Amino acid sequence: MQERYDPAAIESQAQEHWNRARAFAVTEDAARPKYYCLSMFPYPSGRLHMGHVRNYTIGDVISRFKRMQGFNVLQPMGWDAFGLPAENAAMANGVPPAKWTHDNIAYMKRQLQSLGFAIDWEREVATCTPDYYRWNQWFFLKMLEAGIAYRKTGIVNWDPTDQTVLANEQVIDGRGWRTGAVVEKREIPMYYLRITKYAQELLDALDTLPDWPERVRTMQANWIGRSEGVRFGFPYELSGKRELLHVFTTRVDTLMGVTFVAIAAEHPLATFAAKNDPALAGFIEECKQGTAMEAELAVMEKKGMPTGLFVDHPLTGERIPVWVGNYVLMTYGDGAVMGVPAHDERDFEFANKYGLPIKQVVQQAARDAQGEPFTTDHWQEWYGAKSGNVLVNSGKYDGLDYQHAVDAIAADLKARELGDKKVQWRLRDWGISRQRYWGCPIPLIHCPKCGDVPVAVPDADLPVTLPEGLVPDGSGNPLGKTPSFYECACPTCGGPARRETDTMDTFVDSSWYFMRFASAGNDRAMVDERANYWMPVDQYIGGIEHAILHLLYSRFWTRVMHDLGLVKATEPFANLLTQGMVLNDIYSRKGADGRAEYFNPADVEVQVDSKGTRTGSVLRSDKLPVEWEGMRTMSKSKGNGVDPQKLVEAYGADSIRLFMMFKAPPEDSLEWSDDGVEGAARFMRRLWRIVYEKVGEDGRGVRTVGQIKNSELNDEQRAFRRAVHATLVKVTDDLGRRRVFNTAIAAVMELMNTLAKFTDNSTTGQVLVQEALEFIVQMLSPIVPHATHALWQALGHDDLLLDRAWPAADPAALVQDSVDIVVQVNGKLRGRVTVPAGAPEDQIREAALADPQVQKWLEGKPLRKVIVVPGKLVNVVV
RNA sequence: GGCGGCGUGGCGGAAUUGGUAGACGCAGCAGACUUAAAAUUUGCCGACGCAAGUCGUACCGGUUCGAUUCCGGUCGCCGCCACCA
């Protein structure tokens with residue numbers, strides 16, 4: 001073997017070897033246990049960033065480890081290739097999105113290959129190819145048929161920058177998730193998927209996903225947002241006709257305390273009332289503009305205006321005024337709420353401001369608070385707890401507790417046919433229409449003769465192919481200006497018709513790609529029996545930012561595919577790992593104009609004192625100070641990005657992979673450090689050298705490992721071998737059950753330190769060193785596959801390391817003759833004793849008490865108690 | 001405001017079921033090798049103390065023979081949701 005560790009040569013050689021052997025192409029094999037390991041596929045933005053590298057390294061380590069454990073492992077890769085950045089790039093460069101996207105895919109694929117990921121590239125998919133998106137279209141039509149997809153004209157979130165509609169999930173703090181532009185409200189006909197139909201299932205099934213992070217399950221449960229309450233109507237007359245103003249409430253027990261009804265500005269009744277009331281119309285307009293930030297909305301002043309309309313109290317018939325309130329959401333429930341100022345903080349604030357009556361109807365059972373002035377303090381006391389309170393001032397309901405009051409009032413409302421108990425969801429149906437070009441065309445045709453309802457494209461005419469040569473100009477969807485695309489014949493009547501030019505939300509593409517990997521290449525079906533072999537994904541890995549959108553959509557989509565008979569799985573991802581972000585230092589300097597200029601950490605020199613504490617930092621080029629702003633995710637605007645490509649060229653893929661796995665546990669954020677990468681490279685060189693020193697220039701390892709008999713070893717040899725096998729046990733557990741790679745690597749490093757001190761040159765000693773090196777190489781192989789591939793050969797093996805079975809520890813090597821016992825006196829460490837393994841408690845106790853160090857602390861004091869934890873410690877209480 | 005999570009050396013982190021706090025690495029300090037530097041390598045590296053030892057896992061209290069770990073409270077940071085009736 002070569003003396004020098006030369007990652008570039010080693011890595012390209014290993015990769016060639018794997019490629020020649022088609023080592024990562026995998027076929028379904030019912031005889032072997034399958035393992036589907038999937039990392040979230042990337043958007044082909046141009047180049048990989050460090051977040052990708054971390055994500056895919058984690059997946060690769062797990063895949064390679066599982067493979068060595070005998071699983072039939074599928075690790076595929078694809079491209080989430082539709083989306084807006086391609087259109088923006090197209091506008092900037094005048095290049096069609098298709099070309100930009102495909103160029104990026106080619107480049108990023110090379111990058112992924114240079115990192116040595118064990119990916120089955122024969123299953124690669126790109127969502128922008130007709131082979132893939134035709135099944136989006138096909139399944140959309142199936143959902144239309146099944147009533148899961150439907151068309152509705154509704155108020156939508158309009159992103160003025162991207163000129164498109166956004167789903168509720170894509171609006172963050174009132175701004176577009178991608179552009180950050182303040183979202184406007186618009187009325188547009190579009191297509192929805194009835195995810196609300198699955199709300200209960202999606203909520204309940206969270207309990208079947210114990211291997212998902214708790215916080216992701218909580219976030220999904222909150223997002224689905226189940227509330228139990230009562231929906232009922234306040235009767236009123238409008239032009240002689242009896243109508244109902246519906247509201248939803250979880251506190252129907254306070255119904256007798258209603259003193260007003262508040263409706264949203266967009267409510268039809270508000271629109272009606274505003275017709276002859278310019279002041280009200282103005283107020284409504286003001287509300288619709290609204291402040292964008294939700295956080296501000298929450299603390300914003302309650303504002304309202306009377307509509308001049310009145311409704312009847314559903315039980316008492318009392319006249320109740322209807323107000324427009326800026327705090328009422330049109331998008332939740334019926335866009336109207338009953339106002340109970342005594343028992344709802346928002347209503348209380350509103351009533352105080354506008355002088356509306358406050359009527360207390362609930363109070364603590366043990367208390368008589370009647371006649372006391374009503375203050376915010378009272379509100380908190382009375383409203384806070386549902387339990388322990390009873391109704392007052394509520395006629396026949398007086399004295400009932402919360403649950404009984406709800407039941408009684410709900411029953412009475414039902415008897416009057418005004419309402420009933422209802423479960424209300426926060427989740428809303430998923431709007432998938434986008435007025436964008438670079439997406440999957442929605443396969444419908446609008447025919448002027450066949451009526452308003454669009455006609456489905458027949459299966460035989462699928463896919464509706466997206467023309468690839470167009471370049472958007474920033475003014476809406478270019479498909480709408482391309483007659484060759486939209487002009488078509490109606491499949492029903494044959495007359496001239498217009499093709500739908502909206503495309504699908506790209507979250508559609510990513511909602512089922514994992515099943516396509518499992519049915520790769522099938523041009524006759526969306527999925528086939530192979531999907532039932534692979535699904536569900538055994539391990540899914542990706543960023544926490546997808547905790548709601550992508551994961552919820554995928555869960556929904558999988559259920560629909562199940563219900564329409566396409567797959568057996570009901571949940572797509574059995575196990576979820578949300579990897580942490582990759583952070584880097586941010587350095588800046590205030591310019592003369594007050595604007596901050598940012599510098600890459602690689603160009604900054606950190607100054608430390610003699611203890612290593614950081615005292616300041618200067619720019620390398622001018623030696624002038626720069627300010628450290630802490631660590632944040634890598635971004636262009638902060639100038640703290642790190643290019644994986646340059647690192648691979650400088651250090652090799654293995655050192656980068658090792659550093660990322662060692663620096664932090666996978667779920668924690670990872671703080672980038674060039675020194676840390678240097679340290680990883682140092683370790684790789686050390687590993688290489690230690691093997692080189694053992695096997696020499698053209699040496700082969702001592703292939704006699706199987707012959708080690710533990711009983712024939714001397715004490716030092718036995719201790720060394722025990723360390724080797726104990727490390728194997730720990731690393732196996734860390735990589736498998738615990739999924740913490742940093743401690744696994746630390747354990748191997750520790751073993752390397754032990755190995756360096758083991759200088760036994762006897763034949764037996766050399767065999768033990770050979771065994772240790774083989775174990776070390778195997779244990780590290782999922783993490784640094786290239787170097788270990790070469791080292792495995794150097795150690796005298798001809799087989800492919802990645803197919804080698806994961807080693808098993810020799811139980812005889814793990815046996816300990818004696819154990820060290822820690823002795824505490826009153827809980828403080830005072831001594832250590834060595835006793836034979838498995839010694840009875842009495843013997844341990846005697847040995848501990850006899851220890852001179854311990855004796856010193858015991859003298860003259862009466863023993864009160866001795867606690868013996870076999871194999872671990874003794875605590876003497878005096 | 002609600003829910004969830006987290007606070008350990010100069011730094012990243014370890015301590016897996018309540019049982020030796022600080023593994024492993026980075027940075028730092030001292031030495032060896034070298035004409036020199038790099039590379040490599042050896043040792044030290046929580047605080048106070050000459051030492052024996054004492055203190056120490058954000059802070060205060062509790063349970064326990066024993067608490068970084070469990071419980072209650074306070075402070076701080078992070079994440080998500082946020083006028084959801």
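Side chains included, hydrogens not; waters and symmetry mates left out as well; all remaining heavy atoms used. Not measured: the values here are computed from a predicted model.
Within the nucleic acid shown, A:V328 comes within 4.0 Å of at least one base atom, counting heavy atoms only.
Counting distance only, with no hydrogens placed and no angle test, the side-chain atoms of A:K730 and the base atoms of B:U16 include a donor-acceptor pair under 3.5 Å.
The side chain of A:R215 contributes no N or O atom lying less than 4.0 Å from OP1 or OP2 of B:C78. Listed pair A:R614 / B:G12 fails the phosphate criterion, with no side-chain N or O lying under 4.0 Å from OP1 or OP2. For B:A52, the OP1/OP2 oxygens have no side-chain nitrogen or oxygen of A:R830 closer than 4.0 Å.
B:C11 and B:G25 make up a base pair, with Watson-Crick or G-U wobble contacts both under 3.5 Å. Pairing for B:G4 is with B:C78, a Watson-Crick or G-U wobble pair whose two hydrogen-bonding atom distances lie under 3.5 Å. In this structure, B:A39 makes no Watson-Crick or G-U wobble pair, since no nucleotide meets both defining distances under 3.5 angstrom.
Taking the ring centroids of A:F662 and A:F683, they lie at or beyond the 6.0 Å cut-off.
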Reading nucleotides 17-29 of chain B from the 5' end, what letters show protein touch, with B for base, S for backbone sugar-phosphate only, - for no heavy atom under 4.0 Å?
--BB--BBSSSSS
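Separation of the C1' atoms belonging to B:C44 and B:G76 is 34 Å when rounded to the nearest angstrom. Rounded to whole Å, the separation between the P atoms of B:A21 and B:C3 comes to 37 Å. Here the separation of B:G13 from B:C78, taken at their P atoms, is 16 Å to the nearest Å. Atom name P, nucleotides B:C24 and B:A15: the rounded distance is 14 Å, in whole Å.
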Solution key, residues 739-748 of chain A side-chain donor-acceptor pairs under 3.5 Å, sequence neighbours excluded:
residue : atom : partner : partner atom : Å
A:R739  : NE   : A:Q539  : OE1          : 3.1
A:R739  : NH2  : A:Q539  : OE1          : 3.0
A:R739  : NH2  : A:N575  : OD1          : 3.4
A:T743  : OG1  : A:D734  : OD2          : 2.8

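Contact check for A:F248 versus A:S227: side-chain heavy atoms found under the 4.5 Å cut-off.
At least one donor-acceptor pair under 3.5 Å links the side chain of A:N326 to the backbone N or O of A:K303.
No hydrogens or angles considered: nothing links the side chains of A:Y692 and A:Q2 as a donor-acceptor pair under 3.5 Å.
Every salt bridge (Lys or Arg N to Asp or Glu O under 4.0 Å) that A:R657 has, sequence neighbours left out, goes to A:D60.
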